[in-house]
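Input: a single structure, listed below in structure tokens.
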Amino acid sequence: MNSIDIQNKDGKYIANTYKRFPVTLTEGCGAIAKDPEGKEYIDFTSGIGVNCLGYADKGWADAVSEQAHKLQHTSNLYSTQPDVEVAEKLCEYTGFSKVFFGNSGAEANEGAVKVARKYGMEKHGSQCNTIISLNNSFHGRTITTLSATGQDVFHQFFFPFTEGFRFVDAGDIEGLKKAVDDTVCGIMIELIQGEGGVVPVDSEFVKEIAHICEEKDLVFVVDEIQTGVSRTGTFFCYEQFGVHPDVVTMAKGIGGGLPMGAVLMNEKTSGVLGFGQHGSTFGGNPVACAGAKYVLDHVMDETFLKAVNEKSAYMIEKLNAMPQIKSVTGLGLMLGAELPEDMTAGEVAAKCAEKGLLVLTAKTKLRFLPPLTIGKEEIDRGMVILAEVLRG
Ligand SMILES: *Cc1c(COP(=O)(O)O)cnc(C)c1O
């Protein structure tokens with residue numbers, strides 16, 4: 001099928017939930033994707049921060065296919081080596097005690113909400129089940145994670161939403177203090193609000209959250225679904241904020257392109273969920289975990305992280321040199337660029353795609369989440385296209 005055939009069938013048979021670009025992708029290599037006609041696209045998206053090692057990384061694809069040939073799935077009634085290896089690697093590297101594996105970001109956040117609520121109920125009583133999250137946050141698309149998301153556009157149509165969420169503005173320490181009462185069991189935040197416009201949260205505010213959670217015995221949850229897996233130049237973004245969350249959620253990059261999510265729990269929270277209290281048929285799938293093990297073996301590495309930070313500095317420099325870009329936000333290879341008022345991010349992204357560059361948007365900004373393995377030459381090629389589009 002050619003691009004048009006595929007797009008026509010897509011329009012006819014796939015639910016209308018995505019506003020797609022007129023782009024069809026069939027294969028890729030590193031930071032370059034191709035359509036059925038052979039047109040190349042420089043990829044500054046990595047599938048929204050998922051393909052952290054780029055398209056079709058040879059070692060990753062071998063690890064995944066070897067596992068598929070051996071054992072593609074079993075139930076969570078039995079142990080398997082790949083998920084044990086990934087869990088061990090995550091715990092040993094980060095200092096967390098235990099991991100629960102799921103299949104997506106929203107599912108990881110659902111797990112974190114369960115941990116915070118059960119912890120609150122057991123430690124402080126059955127009234128203790130409110131979770132505070134931030135205005136302008138994004139935590140997922142299930143009914144509960146939509147409820148946890150602090151943007152009113154997400155609180156439509158699907159009533160009744162899950163009760164027990166309360167929002168404060170990022171940076172508003174006084175507002176936060178007022179919001180904490182004896183019904184609150186946890187505080188859940190992103191450190192850089194990704195979908196909210198690549199907005200970093202103030203580090204003093206984050207430290208204050210950690211302090212309040214410690215003092216009041218609340219569960220401090222950090223959603224690292226977009227920021228984790230070395231995306232921001234450290235394995236987890238919280239390392240750069242000088243805090244130690246009780247629960248961290250991850251997904252997107254961890255499987256290197258296969259669906260996977262994880263909830264990491266520290267000593268305080270790792271015993272909260274007991275037999276039969278949580279589960280997932282596909283969670284810890286051996287093929288996804290074989291991919292994740294390969295990813296972690298590569299991204300949990302000083303030299304790798306150093307390269308991510310160098311490429312980040314290079315991209316920021318290139319973006320700042322474009323007169324139309326008003327500011328650049330973000331960390332590592334999670335960057336946002338503010339555009340002039342007469343340009344909409346969606347239009348710029350569409351023009352970039354036409355010329356062979358894939359970029360994301362977040363609110364009014366352009367958003368860049370290239371594969372962590374992107375080369376300088378590929379960055380240059382992408383930046384030439386972006387500069388051309390911005391010049392108009
Ligand atoms: C993408 C994202 C999610 C949701 O992940 P899914 O895998 O789409 O369910 C949740 N939180 C943050 C911060 C995200 O970026």
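Computed from heavy atoms alone, side chains included, the values below leave out hydrogens, waters and symmetry copies. Throughout, numbering of the chain's residues begins at 1 and tracks the sequence. Start at 1 and go down the list; that is how both ligands and their atoms are numbered.
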Heavy atom under 4.0 Å from ligand 1: found in A251's side chain, backbone, both, or neither?
neither
If we only count N/O pairs under 3.5 Å, is G105 in contact with ligand 1?
yes
Look at the rings of F158 and F161 and say which category their plane angle falls in: under 30° parallel, 30 to 60° tilted, over 60° perpendicular.
perpendicular
Output yes when the distance from some N or O of ligand 1 to some N or O of G140 is under 3.5 Å, and no in every other case.
no
Backbone or side-chain N or O of E107 under 3.5 Å from ligand 1 N or O
no
closest protein heavy atom to atom 9 (O) of ligand 1 is A106 N, 2.7 Å
Are the aromatic rings of H298 and F304 close, with centres under 6.0 Å apart?
no
Within the 4.0 Å heavy-atom shell around S104, which atoms of ligand 1 are there?
7 (O), 9 (O)
Is it true that K311 and E378 make a salt bridge, defined as a side-chain N closer than 4.0 Å to a carboxylate O?
no
Walk me through it: do R117 and E122 pass the test salt bridge (charged side-chain N to carboxylate O under 4.0 Å, His left out)?
CA-CA 9 Å; R117 286 194 167 169; E122 287 174 348; over 6 Å; no
Please say whether E190 places an N or O atom under 3.5 Å from an N or O atom belonging to ligand 1.
no
Show the numbers, then the answer: is there a salt bridge (charged side-chain N to carboxylate O under 4.0 Å, His left out) between D62 and K58?
CA-CA 6 Å; D62 285 346; K58 173 85 172 65; 2.6 Å; yes
Can a protein heavy atom be found under 4.0 Å away from atom 11 (N) of ligand 1?
yes
Which of the atoms in ligand 1, numbered in the order shown and given with their element, are less than 4.0 Å from a heavy-atom of D223?
10 (C), 11 (N), 12 (C), 13 (C)
With the threshold set at 4.0 Å, does a side-chain nitrogen-carboxylate oxygen contact exist between E310 and K306?
yes
In the protein, which heavy atom is nearest to atom 1 (C) of ligand 1, and how far is it?
K252 NZ, 1.5 Å
Would F282 and F101 count as a close aromatic pair, with their ring centres under 6.0 Å?
no
